[in-house]
Amino acid sequence: MRLSRYFLPILRETPKEAEIVSHRLMLRAGMMRQEAAGIYAFLPLGLRVLKKIEQIVREEQNRSGAIEILMPTMQSADLWRESGRYDAYGKEMLRIKDRHERDMLYGPTNEEMVTDIFRAYVRSYKDLPLNLYHIQWKFRDEVRPRFGLMRGREFLMKDAYSFDVDQASARHSYNKMFVAYLRTFARLGLRSIPMRADTGPIGGDLSHEFIILASTGESEVFCHKDYLDFAVPDANVNFDDVAGIQTIVEKWTSLYAATDEMHDTAVFQNIPVDRQVSARGIEVGHIFYFGTKYSAPMKAVVATPDGKEVPVHSGSYGIGPSRLVAAIIEASHDEAGIIWPEPVAPFRAMVLNLKQGAAETDAASEQIYGALSELGVETLYHDLDDRPGAKFATADLIGVPWQIMVGPRSLAEGKVEVKHRTSGEKELMSVAAAIGRLGGAGTAR
RNA sequence: CGGGGCGUAGCGCAGCCCGGUAGCGCAUCUGCUUUGGGAGCAGAGGGUCGCAGGUUCGAAUCCUGCCGCCCCGACCA
């Protein structure tokens with residue numbers, strides 16, 4: 001992509017409404033624009049990141065055996081009256097009347113709808129387990145939206161819903177999501193820690209929040225330091241291995257980890273002091289087993305082997321891809337701007353022509369840009385007539401992992417400079433070497 | 001929902017107290033010079049001063065009402 005043909009409205013100054021770093025950087029980097037309180041439009045750069053996150057989330061859901069569907073944003077109030085939540089949900093639900101005065105709502109979540117889909121088609125235990133998920137915009141009319149995408153009113157959510165014949169098999173469905181979440185966040189460049197969450201009236205121990213540590217996190221969290229070194233299950237993990245999956249979950253829940261509302265000071269203090277982590281965290285995922293809460297009132301039942309009908313046992317599992325855009329920035333930035341983990345970077349490389357209009361730099365820049373594009377490397381070519389300093393600042397701000405500086409100084413020796421955004425390391429190399437470095441398969445290091 | 005703050009050009013702000021018809025920096029456009037960490041000079045364009053009433057000869061400025069946005073707290077992917 002040539003910057004001269006792109007739509008990247010960089011802001012030099014920070015809009016005053018932006019308080020936290022991810023919000024400031026997203027606005028400055030031209031990733032999004034606020035349209036109303038808690039409601040944002042995604043601009044090209046932001047959309048690229050959002051789509052990458054979404055795709056990683058999707059791949060890991062699929063790997064675990066979940067099946068993608070797409071439910072609408074608008075729902076009929078009748079479904080919610082069946083579950084009793086139409087009245088219970090309160091003001092956070094955006095209620096709308098259509099032209100026929102029918103009560104509609106903009107979905108804040110989809111338990112009712114997915115249960116309706118399930119009960120329409122599934123009748124037998126033989127069709128279970130089943131896990132249906134979708135990635136769709138949600139609306140919750142928050143009392144107080146804030147912090148940009150971190151707590152918006154309209155947000156993208158991946159929500160999965162599992163259906164099992166009994167609680168024992170529901171536990172395995174829960175565990176599969178648990179492991180899928182560990183993998184998902186790791187692939188996004190984040191270290192997530194599952195923390196016991198309040199299960200409310202349902203009870204039991206099957207609810208976890210996945211928290212990433214960031215100094216600007218919303219809530220205070222406490223955990224054992226060893227979690228930071230635990231190995232995340234690799235791509236070959238067998239999701240059908242009930243015992244194996246259970247072992248992973250047990251390992252990842254063996255040590256202390258709690259958000260402030262579940263915090264037990266006495267237990268925490270039993271951890272050796274040098275292993276205690278007291279920090280701030282951002283909730284990026286939440287998994288929950290809720291049994292027959294919706295299947296019972298909504299009559300989502302299946303026949304068991306002995307011919308009886310029982311309500312299915314369900315759980316729901318959420319990840320907020322739009323919040324993750326902000327969360328990743330919170331966890332990965334410096335004074336100059338964003339530092340994208342490679343898997344979610346909007347572009348992999350950026351070519352900076354330090355003397356636009358000069359024959360040598362133009363030719364070398366075009367050569368590199370053309371070659372990388374040919375190799376399928378997502379490359380942004382800064383071909384505007386800006387001064388070098390401005391181009392450096394832009395590149396650092398938008399956080400592209402690899403910068404290739406093409407200037408007359410190094411080019412006189414036949415070389416360009418390749419800078420790694422994360423480490424700050426710079427290396428002089430020939431044009432061909434730079435292309436080889438970034439055009440190589442997989443990582444460039 | 002309680003408390004606080006802010007709405008003036010795309011962004012950041014001054015002007016308001018003490019009423020006289022809008023200004024600064026950045027950005028944008030033109031020209032020239034410049035080109036390895038947000039360039040310089042010269043010129044130009046761009047504003048229903050959030051909205052609606054009111055007071056006044058005259059309102060960005062004073063009064064009333066409304067709307068929007070942000071922050072702190074209680075609640076949440």
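Here is the naming used below: chain letters follow the sequence lines, and residue numbers restart at 1 for every chain.
The interatomic distance linking Lys355(A) (NZ) with U35(B) (P) rounds to 6 Å, in whole Å. Atom-to-atom, OH of Tyr181(A) to P of A77(B) comes out at 12 Å; the value is rounded to the nearest Å. The CZ atom of Arg24(A) sits 18 Å away from the P atom of C11(B) (whole-angstrom rounding). Here the C1' atom of nucleotide U34(B) and the CG atom of Leu354(A) are 15 Å apart, to the nearest Å. The interatomic distance linking Ile39(A) (CD1) with C70(B) (P) rounds to 10 Å, in whole Å. The distance between atom CD1 of Ile319(A) and atom P of A77(B), rounded to the nearest whole Å, is 14 Å. Note: CG (Leu27(A)) to P (G10(B)) measures 16 Å, nearest angstrom. Atom C1' of nucleotide G37(B) and atom CE of Met350(A) are separated by 14 Å, given to the nearest angstrom.
Comparing the P positions of A59(B) and G20(B) gives an interatomic distance of 11 Å, to the nearest angstrom. Rounded to the nearest Å, the gap between the P atom of G25(B) and that of C6(B) is 25 Å. Spacing of P atoms, C26(B) relative to G5(B), comes out at 32 Å, to the nearest Å. Rounded to a whole angstrom, the distance from the P atom of U35(B) to that of C24(B) is 31 Å. For the P atom pair drawn from G23(B) and A9(B), the interatomic distance equals 13 Å after rounding to whole Å. As rounded to the nearest Å, C17(B) and G43(B) have C1' atoms that lie 38 Å from one another. Rounded to the nearest Å, the gap between the C1' atom of A52(B) and that of A14(B) is 27 Å. Taking atom C1' on both nucleotides, C51(B) is separated from A60(B) by 14 Å, rounded to a whole Å.
For Glu54(A), the salt bridge (Lys or Arg N to Asp or Glu O under 4.0 Å) test picks out Lys51(A), Arg58(A), with sequence neighbours left out.
With both pairing distances under 3.5 Å, C32(B) is matched to G40(B) as a Watson-Crick or G-U wobble pair. Nucleotide G47(B) forms a pair with no other nucleotide shown, judged by Watson-Crick or G-U wobble geometry with both contacts under 3.5 Å. Applying the Watson-Crick and G-U wobble criteria (two distances, each under 3.5 Å), G73(B) pairs with C1(B). The partner of C26(B), taking Watson-Crick or G-U wobble pairs whose two distances both stay under 3.5 Å, is G10(B). A 3.5 Å limit on both hydrogen-bonding distances identifies no Watson-Crick or G-U partner for G19(B). Under the Watson-Crick and G-U wobble criteria, each requiring two contacts below 3.5 Å, nucleotide A52(B) is paired to U64(B).
Within a 6.0 Å sphere centred on NZ of Lys225(A), other residues, nucleotides and ligands contribute 12 heavy atoms or fewer. When the shell of 6.0 Å around NZ of Lys91(A) is examined, it contains 12 or fewer heavy atoms from other residues, nucleotides or ligands. Around the CZ atom of Arg33(A), the shell of radius 6.0 Å holds no more than 12 heavy atoms that belong to other residues, nucleotides or ligands.
For the side chain to side chain donor-acceptor pair (under 3.5 Å) with Glu59(A), the lone residue among Arg63(A), Gln55(A), Gln61(A) that qualifies is Gln55(A).
With hydrogens and angles ignored, the 3.5 Å screen pairs a side-chain donor or acceptor of Ser410(A) with a backbone N or O of Lys415(A). Distance alone, capped at 3.5 Å, places no donor-acceptor pair between the Arg28(A) side chain and the Gly337(A) backbone.
Counting non-hydrogen atoms under 4.0 angstrom, Gly152(A) reaches a base of the nucleic acid. Contacts of Lys419(A) with the nucleic acid, taken as non-hydrogen atoms under 4.0 Å apart, include base atoms. Looking at heavy-atom distances under 4.0 Å, Ala36(A) makes contact with sugar-phosphate atoms alone, never a base. No engagement by Leu11(A) is indicated, since no non-hydrogen atom pair under 4.0 Å with the nucleic acid exists.
Judged by closest nucleotide on RNA chain B, His23(A) is the one of His23(A) and Glu142(A) placed further toward the 5' end. Along RNA chain B, the nucleotide nearest to Phe147(A) and the one nearest to Asp385(A) differ in position, and the one closer to the 5' end is contacted by Asp385(A).
When ring centroids are compared, Tyr256(A) and His224(A) stay outside the 6.0 Å threshold.
Listed nucleotides C1(B), G37(B), A77(B) differ in distance to Glu283(A); the shortest reach to its side chain belongs to A77(B). Checking A77(B), G38(B), G73(B) against the side-chain heavy atoms of Arg146(A) singles out G73(B) as nearest.
Between Arg12(A) and the phosphate of A27(B), there is a side-chain N or O to OP1/OP2 separation shorter than 4.0 Å. Between Gln34(A) and C70(B), a side-chain N or O to OP1/OP2 separation shorter than 4.0 Å is present. Between Arg387(A) and G38(B) there is no side-chain polar atom (N or O) within less than 4.0 angstrom of OP1 or OP2.
Asp396(A) contributes a side-chain N or O that forms a donor-acceptor pair with the base of G37(B) under 3.5 Å. Donor-acceptor pairing under 3.5 Å, judged by distance alone, is present between the side chain of Arg28(A) and the base of G38(B).
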Can you name the atoms? Protein N/O to nucleotides 12-15 of chain B N/O, anything below 3.5 Å, with the distance.
| from | atom 1 | to | atom 2 | distance (Å) |
| --- | --- | --- | --- | --- |
| G12(B) | OP1 | Lys16(A) | N | 2.8 |

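A donor and an acceptor atom, one from each side chain of Asp159(A) and Tyr317(A), are nowhere located under 3.5 Å apart.
Here Phe392(A) does not pack flat against the base of G38(B), since the 5.5 angstrom centre distance and 30 degree tilt limits are not both met.
Taking the six-membered ring where the residue is Trp, Tyr40(A) and His23(A) present perpendicular rings, their angle passing 60° and hence far from 30°.
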